[in-house]
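Just so you know, ligand 1 is whichever comes first in the structure, and atom 1 is the first atom listed for that ligand. When reading the values below, keep in mind they use all heavy atoms of this one structure, side chains included, and skip hydrogens, waters and symmetry mates.
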Amino acid sequence: MMHDKVTIVDVPIDNLTKNRLLDVVYNEIEQKQKNIFIVTANPEIIMSAKKSKSYRDSILKADFIVPDGSGVMMASEILQHPLKEKITGYDLVHTFLSYASEKRKSVYFFGSQEGVAVDAAINAIKLYPNIRIAGTKNGYLGYGQEIAEEIASTNPDFVFIGLGAPLQENWAAKYKHLFPNAVVMGVGGSFDVLAGHTKRAPQFWLNHNLEWMYRLITQPVRSKRMIKLPIFVAEVYKQKWASRKVYVKRERHI
Ligand code: UDP
């Protein structure tokens, strides 16, 4: 892989453009040699990885960890190692659906409340008429081997897992071997948005990197999760200062 990584609070983020990522992913799909596990990392995921070693082990099994959102981009700026491009999960879902439609690939929607994945699949077909829906399954019926095998038996080219973090990455890491040449990716609440059950922030908020504020206002239940954001920023500064200390020490030894 010809690109560097930016380590943010101990999570190595792949520093590549979306186009480069797509080149590699589509090439692998065509070759059908192996599966590709993609993690779209936001500050919440990075903080969960800091807390839980087993979760961190799960996300380190990914072939790509990409920066999902302005929080991670900002962190890379603070660390003076800027990431090239923000690659969000929801955006990748649409890009992969469009590719799947063009190439007649199949997609499985696993996760979210009863009926949501089905509505998401219906809307996906409206937007991308030639996709094949391998199947849908709600995310509250269990996450074990049996369900994984059932999903694998439909032989999907893309497995979108909308269970939220950390469940979705733990699931992907544990069962990706059942999908020998699929793209496997956690998609958080994307099915809710695609189904029209949750609205994404209007363009104005997205353009100004204020999606988090829009979500906070429209879904105040999320405020507990938002508290993690300033803690994330504090961790990033801690990392920056720690690396500075090492640098200063090294200089003194010369
Ligand atoms: N979810 C699920 N099973 C569970 C817990 C959550 O299917 O046991 C779904 C939930 O219905 C929602 C998604 O996982 O569709 C999590 O969305 P959230 O908004 O938390 O994720 P984000 O987009 O913030 O990553």
Residues that Ser153 engages under side chain to side chain donor-acceptor pair (under 3.5 Å), provided they are two or more places apart: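 Ser153 satisfies side chain to side chain donor-acceptor pair (under 3.5 Å) with no other residue.
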
Ring geometry between Tyr90 and His94 (parallel below 30°, tilted from 30 to 60°, perpendicular above 60°): perpendicular

Reference residue Lys18; test salt bridge (charged side-chain N to carboxylate O under 4.0 Å, His left out); the match among Asp23, Asp91, Asp68: Asp91

Sub-4.0 Å heavy-atom environment of ligand 1, residues by chain: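 The 4.0 Å shell around ligand 1 contains Gly111, Ser112, Gln113, Gly139, Tyr140, Tyr143, Gly162, Leu163, Gly164, Leu167, Gly188, Gly189, Asp192, Arg215, Arg222, Arg225.
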
Any donor-acceptor N/O pair, Asp63 side chain to Phe37 backbone, under 3.5 Å: yes

Salt-bridge present (Asp157, Lys103; N to O < 4.0 Å): no

Test: Lys61 and Asp57 ion pair at under 4.0 Å: no

